[in-house]
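In what follows, a single structure is set out as structure tokens and then discussed.
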Amino acid sequence: MSEKKLFTLAELAEHNHKKSLYVSIKGKVYDVTKFIDEHPGGEEVLLDEGGSDATEAFEDVGHSDEAHDLLKTYEIGELKDGPPIPSQKSQPSYPKPQPAETSK
Ligand code: HEM
């Protein structure tokens, strides 16, 4: 029995640095702190996405099955409010997460 912790976006956002790095992908929350140095795509992208919803970034890369499997080992919980990026389903309106950065 694995207990799932529920995270708010605010809690997730606190883990956006090298000492504690969480990302959310499709509503699940992953602690990738130990993976930062191992990520074949480099630490920068992970640090960039840390503390936020990385679904799009993760999917855009077209990660392999192996990468998806790896994800499971880092799973620590779920987002309280579900995935912040709605799929096709119509959703009750709630604020979208704001991208932290302005255009470069
Ligand atoms: C958070 C969980 C993540 C895991 C477990 C993960 C895992 C992996 C793995 C195993 C690879 C090797 C290629 C493959 O098997 O597909 C890879 C490559 C890569 N990842 Fe990630 N990744 C994660 C997140 C991200 C994010 C958020 C980005 C953001 C853009 C990213 C960008 C990349 C890129 C660009 C490569 C290609 C590297 C290359 O072949 O030069 N990854 N990742």
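Residue numbers start at 1 and run along the sequence shown. As the structure lists them, so they are numbered: ligands from 1, and atoms in each ligand from 1.
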Looking only at protein heavy atoms, which one is nearest to [atom], and what is the separation?
| atom | result |
| --- | --- |
| atom 36 (C) of ligand 1 | Gly41 CA, 3.5 Å |
| atom 3 (C) of ligand 1 | Phe58 CE1, 3.5 Å |
| atom 2 (C) of ligand 1 | Leu71 CD2, 3.4 Å |
| atom 14 (C) of ligand 1 | Ser64 OG, 3.1 Å |
| atom 39 (C) of ligand 1 | Pro40 O, 4.3 Å |

- Angle subtended at atom 21 (Fe) of ligand 1 by His39 NE2 and His63 NE2, rounded to 10 degrees: 180°
- Item | Option passing side-chain contact (heavy atoms from CB on, under 4.5 Å) with Lys18 (candidates Thr33, Asp37, Leu46) | Asp37
- Which of these, Val23, Thr73, Asp60, has its nearest heavy atom closest to atom 1 (C) of ligand 1? Val23
- Message: With a 4.0 Å cut-off on N to O distance, would you call Glu59 and Lys26 a salt bridge?
- Response: yes
- Message: Looking at Lys4 and Glu75, is any side-chain nitrogen of the basic one under 4.0 Å from a carboxylate oxygen of the acidic one?
- Response: yes
- Task: Would you check if the distance from the ring center of Tyr22 to the ring center of His17 is below 6.0 Å?
- Result: no
- Which atoms of ligand 1 sit under 4.0 Å from any heavy atom of Val32? 1 (C)
- Query: Step by step, would you call Asp31 with Leu21 a side-chain contact (heavy atoms from CB on, under 4.5 Å)?
  - Reply: CA-CA 6 Å; Asp31 179 353; Leu21 194 74; 5.5 Å; no
- Message: Just to check, does Phe35 reach to within less than 4.0 Å of ligand 1 when the distance is taken from its heavy atoms?
- Response: yes
- Is there a heavy atom of Tyr30 sitting under 4.0 angstrom from any atom of ligand 1? no
- Glu49 N/O to ligand 1 N/O under 3.5 Å: no
- Task: May I ask whether atom 23 (C) of ligand 1 is less than 4.0 Å from at least one protein heavy atom?
- Result: yes
- Check whether Leu47 and Tyr30 end up in the same hydrophobic cluster, where Ile, Leu, Val, Met, Phe, Trp and Tyr are linked by side-chain heavy atoms less than 4.5 Å apart. yes
- Query: Would a hydrophobic clustering, with Ile, Leu, Val, Met, Phe, Trp and Tyr connected at side-chain separations under 4.5 Å, put Tyr74 with Phe7?
  - Reply: no
- Task: With side-chain contact (heavy atoms from CB on, under 4.5 Å) as the test, would you mind laying out the steps for Glu11 and Lys5 before giving the verdict?
- Result: CA-CA 11 Å; Glu11 283 170 323; Lys5 184 170 166 18; 4.1 Å; yes
